[in-house]
Each structure stands twice: as C-alpha cells, then as structure tokens.
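Since this is a predicted model, take the numbers as computed values, not measurements. Sequence positions, counted from 1, serve as the residue numbers for this chain.
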Amino acid sequence: MRMTAWEIAAACGGRILCGDPETEVTSVSTDSRKIAPGALFVPIHGERTDAHAYIPATFAAGAAATLTQNHAAMDDSHVWIAVPDTVEALRRAAAAYRARFHLPVVGVTGSVGKTTTKEMVALALSSQWNTMKTEGNQNSQVGLSLTMFQLAPEHEVAVVEMGMSDFGEMARLAQIARPQYAVMTNIGISHIQQLGTQENILAEKLHITDAFLPGSILFLNGDDPRLAALRDSLPQVRKVFFGAAPWCQYRAAQVRQEGEGVAFTALCPGESLPVVLPVPGEHNVRNALAALAVTRELGGSLPEAAAALARYQPLAMRQQIHRTSRGVTIIDDSYNASPDALYSSLQVLAGFPGRHVAVLADMMELGAMEEEAHREVGRRAARAGVDLLVTVGERARWMGEGAREVAPGLPRYGFQTNGEAAAFLDGELRPGDVVLVKGSRSMHTDEIVKALL
C-alpha cells in the first residue's frame, strides 16, 4: 500500500518543508545505496557518519522524499519532511503503515535462537498461508520498522523477529508490530551487561504482549526454567508451552539423530505425527515444536507444516554444515555467540562421529559475568568430549582455563587473531575431523571458516 508524503508527515509528527504533499511513496530505505524510484529515504545519525549527507544522492537515484532532522527550511522540488528524530519518525510511520493491515502478526523473541525459530515458524505457516517474514535478523527498531513496510495486501500472516538489548526497547517494538501472537525461545544472559539480571531480561521481553488482544497467545519454551515458571502467572494472557516437559501442550518424544539431522514424534493436543528435520540439535526440536504450535493454534494443518519443516535450510553462519576437500566437516556457527547458544552448539558437535575440534572466540556484552561465563563454556566443552580446543581473543583464554579444570590433559591452543588460528588449524586438521567455529559477531570468526574452505 502506498502512502503520500502528507500521510507520512502526519503519522510521524513531521512538517513538510517543500515538495508536493500528494507525492506517493512506494518504499522506505535507510541505505542510500539501495534507493528504488519512489522511495522515502530515512537518514540516520550513525556512530561514524551522518547519512543526511547522502540525501542529494538519493534524489538523484529516484527517491521521492526524505526525512530530515538537520533542516528547518528547504527550497526544492522534492519532498523534505522535517522531524525531531528520524529514527523515532521511522518507528511512528511504520506503526501507522502496519495499522492498515488486519492480519495475524507473530512476534518472535528470546535470548538466543530468535532467527532460526522465526525461519521455522514462517516456513511452517507458508505451507498454508501467504507469509511475510523478517529478512535475516532485522530485529531492531530500525530493522523491524523497515520490515513492516514489506507488508502487502496479498499477505495473510506475518512473522517478525523482535530483539532488544536495553530497557524500554521491547515496548517500542511492540507498538511498531503490534503482534497478536508471540513466541519466546528462552531467557539467557545475552545483553545482561545492560539489563543487569535475567529477571530484568524476562520482564522486558514480556512487553512483547503489550499490544495483545482477546484471543492472543504467548508461546513459551517449557524447557526454560524462567519461562516454565510463568505457568501460574500472567492470568490475563493465554499461554501455550512447547518442549520436552511432560506438561507441555506441544512436546517431543523419541528424539533421535538421523544422519546430519534429527527426528522426533510431535505430541500435540489430540494428534501426534513424525517430524524429520535436516538440521541437528535438540534446540532445533524445540524450534520446530514452536512452529507446529503456532501453525495449529492459527488453524493450520500439522502434517503440511511438518512436511515444510523437512525442507528447512539454515541461514548462513548458523550451524551450516560444510565439507572440505580434505575430508573435514565444518559446523559454521560463526554468526554470533552467547553462553546458551554455545552450549547448544557443543551438543551438536558431540553428535557427530570423529575427532571433535571446538574453535571458540570471545563473547560480548556479559558485564560482570564475563569471566565466569567464558570459564563455564570451557568446562562445558570439556564435558562434551571436545578433543581439541582452540580459542581466539583475550576473553576466550578463560575458556581454556575452564576446560583445564575439568580435563587437565585436553589439548588447548589460544590465539589473538583469526589468521593465527586458521594457520594453526590448516596444519593440524586431518580427514574425519569435525570442527565447530563460533564467536560473537564482532570477532568475525567466519574468516576462519572461509580460510578452511
């Protein structure tokens, strides 16, 4: 659906400085390099660059209008809309655009696993409905706002990822997307540096229900202790639990590894069915259960959803399986890292035959828990049967120390750069080895994967 310049200005509390108020906007972008004809450009003050400098270039590329927080007057044939803050204006415009659509919106949040869960939920729903989903992990205030502008009249349901790292963020995200359904994967310690405690993290994430209506449903991972504790609280919200716990409405039984994937029996209200996933890991069983639960509660067919999940393919750098010409298996999980995500990845590594090599880099935003969290990852690696531990970064050296507490004889090597680690692995790996590569995004451990491939 198109919006006129005056509709956008009204939605975001802006003032048109010049140009035709009836100008139609057909898309919205914050990237001056990706401007389509008819676009609204939203320049954002970044840490290094103020994108207002690129406004003339966007008009040259065909933009129809721009927001600005740097100008109080302008004389131009193009539309300029003055606002106090371009990010806030984008958020308000996106909320107004989303309000034009009357369709189920499913929000997905959690400390880890949001993107994979979002992908599985969208895949299951798309087997029966025209589904719009967040591309990649565009889950911030800016990313979610741009995602809402992807809604089109042909869509029948939307699945959006909603990530927060500080107080108040989830409430703002809920006002943008207004989800009537929400999936919460877990409550870990990601972003605990900003939020202080896991109790605060849970309280903030529960703001995903702020726009709930009668009939809305909160889907919760019953295997997470903090989410399981919500069984007897939040009486105003209908809750549906998924997981392995026997009291979950949607649960998995007979979980077993099949080749590089996992199979299980999904026990659902009044129905059970076999499910086969082409990706490994018990955490993916829970992700699939969430997808089945959402599909069923929205009135869909479970067999059709299960058939769609059998075709699931992971996104880049999220437990992608690669084989090198030298016969080495690489589990590329290099997109990001937190303690909970690493525990799951180590379980996946342990499920493969061969010598297990863990290449682990620094984890960020852990605050006062930083040293102990890294040490515990090392302990878990040793308990998971890792045969060789390679760490990258100053913080990751604590992983090696933690591993030594459990397995003093475990071979451990620490490096400061990805290049050093890759060079060591090039001479160390042999056919039949299985290598897990994982670290926080800022550590760029995908460089190691590329070197090995």
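- Annotation: side chain to side chain contact (heavy atoms under 4.5 Å, CB included) contacts of Gln138 (sequence neighbours excluded): Thr134, Thr147.
- Between Glu370 and Arg375 no salt bridge is recorded (no basic side-chain N to carboxylate O distance below 4.0 Å).
- For residues 231-243, the salt bridge (Lys or Arg N to Asp or Glu O under 4.0 Å) pairs, not counting sequence neighbours, are Arg238-Glu297.
- Applying the ring-ring contact (aromatic ring centres under 6.0 Å, His included) test to residues at least two apart or on different chains, the pairs with a partner in residues 424-444 are Tyr413-Phe424, Phe415-Phe424.
- At a threshold of 4.0 Å, the pair Lys118-Glu135 does not count as salt-bridged, since none of the basic side-chain nitrogens sits closer than that to a carboxylate oxygen.
- The side-chain hydrogen bond (donor to acceptor under 3.5 Å, both in side chains) analysis of residues 272-283, with sequence neighbours excluded, yields the pairs His283-Gln319.
- Arg318 has no carboxylate O lying under 4.0 Å from a charged side-chain N of Asp333, or vice versa, which leaves the two without a salt bridge.
- Between Asp224 and Arg226 there is no salt bridge, since none of the side-chain N atoms of the basic residue sits less than 4.0 Å from a carboxylate O of the acidic one.
- Using a cut-off of 4.0 Å between Lys/Arg side-chain N and Asp/Glu carboxylate O, Arg397 and Glu371 are scored as not salt-bridged.
- Tyr335 carries Arg441 over the face of its six-membered ring, with the cationic atom under 6.0 Å from the centre and within 45° of the normal.
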Side chains of residues 258-269: which donor-acceptor pairs under 3.5 Å do they make with residues two or more places apart or in other chains?
unit_1 : atom_1 : unit_2 : atom_2 : d
Glu260 : OE2    : Arg323 : NH1    : 2.8
Glu260 : OE2    : Arg323 : NH2    : 2.2
Thr265 : OG1    : Gln254 : OE1    : 2.9

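- Remark: Gln257 pairs with no residue by the side chain to side chain contact (heavy atoms under 4.5 Å, CB included) rule, at least two apart or across chains.
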